[in-house]
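Side-chain atoms are counted along with the backbone in the values below, which use heavy atoms only and exclude waters and symmetry mates. Quick note on labels: first sequence line is chain A, next is B, and so on, each numbered from 1.
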Amino acid sequence: MPELPEVETTRRGIEPHLVGKRVKALHVRQPQLRWPVPPAIHQAEGRKLKALTRRGKYLLFHFSNGTIIAHLGMSGSMRIAAAGEPPLFHDHVDLKCSDGTLLRFCDPRRFGAWLWTDQDPARHPLLANLGPEPLTDAFNGDYLLARSRGRKSSVKSFIMDSQVVVGVGNIYANEALFLAGIHPKRAAGRISGARYDKLVAAIKTVLAASIEMGGTTLRDFVGGDGKPGYFRQTLRVYGRGGQPCRQCQTPLREIRLGQRATVFCKLCQT
DNA sequence: CCCTGAACCTGACCGC
DNA sequence: TGCGGTCAGGTTCAGG
């Protein structure tokens, strides 16, 4: 489910239910996630949640004595559940507040993560080397141009590299490249500054629009407030291989690039 | 440093 | 209906 817009939708959905509340207990039913859930996670118990922020696709639960670093992986979701609601098979973690509020983490594929750090989370190994947030001014055409020089890999792999920029997953990489008119296989190091300006604008547009619409609902994604996202209806290329380009009617091509489905228009993207 | 492919895991779907 | 193969929104890690 989650790319950055889905994670941000989740954050916005659950934040008002949790911030300022005291954690009564963390129930870890299945500790075998992307990494084992460390016992230290229980240090959050008895503490008040100071803030719930996002860095890339990581959700950060800030407490006075440390931080929970959570990730939704490929299939994870978080929702506010009714007190007393029985957990389903893939509901691996519950965060229960002293007022009865219940945050429930479901993740069938278990690529998600729940970790604890008592250091500055920004220096945690998983976060320390992340690129800029895509919706900030630090992410601009000059930056991408500088980072891409000498790179032979495809521009699509390049913008999906979280050390370059966070939050651009497979759906939005496909969409942004279409909007910018850039062929996904083009070598990152041989793209002009003007085209990178355009690509950056496209990435910001696509991500912002999707956040605005509550994310892209594929399969069963729902935000923390239980509402589905509506961005799917506006997808230009993702999931549309073989169907006509919305600009020129040419059938869209679908290939695999770095083991990921890649869809583009051979006429509109060069 | 850069790049590629494998790995983690379950479930849905397709063709036989 | 069942079985095997393929694919899925992410990310780290090992190896060349």
Side-chain angles (χ1 to χ4, degrees), chain A residues 1-10 29-37 54-59 69-78 88-93 105-115 124-131 134 146-177 184-190 203 206-207 210-211 213-223 228-235 237-242 254-263:
Chain A
M1 319 167 171
E3 287 206 26
L4 186 142
E6 290 70 42
V7 178
E8 180 60 20
T9 297
T10 296
R29 293 184 202 81
Q30 169 55 279
Q32 298 305 314
L33 304 180
R34 179 71 162 78
W35 297 279
V37 179
R54 179 186 59 72
R55 176 73 177 102
K57 295 172 191 167
Y58 292 92
L59 287 169
I69 301 175
H71 198 287
L72 301 178
M74 287 277 261
S75 60
S77 60
M78 292 184 188
L88 300 175
F89 185 52
H90 293 300
D91 289 336
H92 303 314
V93 180
F105 172 69
C106 176
D107 186 10
R109 290 178 73 180
R110 291 193 269 131
F111 287 175
W114 280 68
L115 300 170
H124 188 279
L126 290 174
L127 307 184
N129 298 313
L130 293 179
R147 286 294 302 264
S148 65
R149 293 308 91 176
R151 291 247 196 164
K152 288 194 187 166
S153 69
S154 70
V155 62
K156 180 165 180 256
S157 307
F158 176 66
I159 60 171
M160 288 180 69
D161 180 348
S162 63
Q163 310 220 8
V164 172
V165 57
V166 297
V168 182
N170 199 34
I171 298 178
Y172 301 110
N174 278 299
E175 294 301 305
L177 286 166
K185 273 178 84 172
R186 183 166 289 277
R190 297 207 263 112
I203 289 171
V206 160
L207 291 178
S210 183
I211 291 171
M213 299 179 80
T216 300
T217 295
L218 297 180
R219 304 209 171 89
D220 55 355
F221 174 79
V222 290
Y230 292 98
F231 192 72
R232 180 174 199 174
Q233 300 157 22
T234 76
L235 294 178
V237 289
Y238 183 82
R240 298 192 63 243
E254 179 151 358
I255 60 173
R256 303 201 72 75
L257 233 180
Q259 313 144 261
R260 315 295 245 124
T262 301
V263 191

Listed by chain and number, what are the salt bridge (charged side-chain N to carboxylate O under 4.0 Å, His left out) partners of A:Arg260, not counting sequence neighbours? none
Distance check needed: B:dC2 C1' versus A:Asp161 CG, whole Å only. 10 Å
Applying a 4.0 Å non-hydrogen cut-off, can you work out what A:Ala113 is touching in the nucleic acid: base, sugar-phosphate, or nothing? nothing
Could you tell me how far apart A:Arg151 (CZ) and B:dC1 (C1') are, to the nearest whole angstrom? 9 Å
Any sub-3.5 Å donor-acceptor pair from A:Glu175's side-chain atoms to A:Val206's backbone N or O? no
It should be established whether A:Tyr238 places a side-chain nitrogen or oxygen under 4.0 Å from OP1 or OP2 of nucleotide C:dG9. yes
Taking salt bridge (charged side-chain N to carboxylate O under 4.0 Å, His left out) as the test, write out the residues that go with A:Arg54, two or more places apart. A:Glu8, A:Glu133
Taking the nucleotide of DNA chain C with the nearest heavy atom to each, does A:Pro125 or A:Arg109 sit closer to the 5' end? A:Arg109
How is A:Arg260 classified with respect to the nucleic acid when contacts are heavy atoms under 4.0 Å: base, sugar-phosphate, or nothing? base
Are any of A:Arg110's side-chain N or O atoms less than 4.0 Å away from OP1 or OP2 of B:dT10? yes
Give A:Tyr58 one of three labels, base, sugar-phosphate or nothing, depending on what nucleic acid heavy atoms sit under 4.0 Å from its own. sugar-phosphate
With A:Pro184 as partner, the option from A:Leu177, A:Ile159, A:Asn174 fulfilling side-chain contact (heavy atoms from CB on, under 4.5 Å) is A:Leu177
Using whole Å, report how far CG of A:Leu59 lies from P of C:dT11. 12 Å
In Å and rounded to the nearest 0.5 Å, what is the CD1 to CG distance from A:Ile203 to A:Leu4? 11.5 Å
Rounded to the Å, how far apart are A:Asp107 CG and C:dG9 P? 15 Å
Whole-Å distance separating the CG atom of A:Leu257 from the P atom of B:dG5: 10 Å
Output yes when at least one side-chain N/O atom of A:His71 is less than 4.0 Å from OP1 or OP2 of C:dT11, else no. yes
Which atom names give the shortest non-hydrogen contact between A:Phe105 and A:Gly76, and what distance separates them? CE1-CA, 4.2 Å
A:Lys152 side chain N/O closer than 4.0 Å to the phosphate oxygens (OP1, OP2) of B:dC3? no
Interatomic distance where CZ belongs to A:Arg149 and P belongs to B:dC2 [whole Å]: 13 Å
Taking pairs as Watson-Crick (N1-N3 plus N6-O4 or O6-N4) or G-U wobble (N1-O2 and O6-N3), each distance under 3.5 Å, the stems of three or more consecutive pairs with DNA chain B are B:2-8 with C:10-16, B:10-16 with C:2-8
Indicate, with a heavy-atom threshold strictly under 4.0 Å, whether A:Leu33 touches base, sugar-phosphate, or nothing. nothing
When you look at CZ of A:Arg29, are more than 12 heavy atoms from neighbouring residues, nucleotides or ligands closer to it than 6.0 Å? yes
Sugar-phosphate only, base, or nothing, as touched by A:Gln259 at under 4.0 Å among non-hydrogen atoms: base
N/O (side chain, A:His90) to phosphate O (OP1/OP2, B:dG11) under 4.0 Å: yes
Using the closest heavy atom to pick a nucleotide of DNA chain C for each, name whichever of A:Trp35 or A:Arg256 lands nearer the 5' end. A:Arg256
Looking at B:dC3, I'd like to know if its phosphate oxygens (OP1 or OP2) sit under 4.0 Å from a side-chain N or O belonging to A:Ser153. yes
Keeping the roles fixed (side chain from A:Gln30, backbone from A:Gln32), state whether a donor-acceptor pair exists under 3.5 Å. yes
Using whole Å, report how far CE of A:Met160 lies from P of B:dT4. 13 Å
Specify the separation, in whole Å, of atom CZ of A:Phe111 and atom P of C:dA8. 13 Å
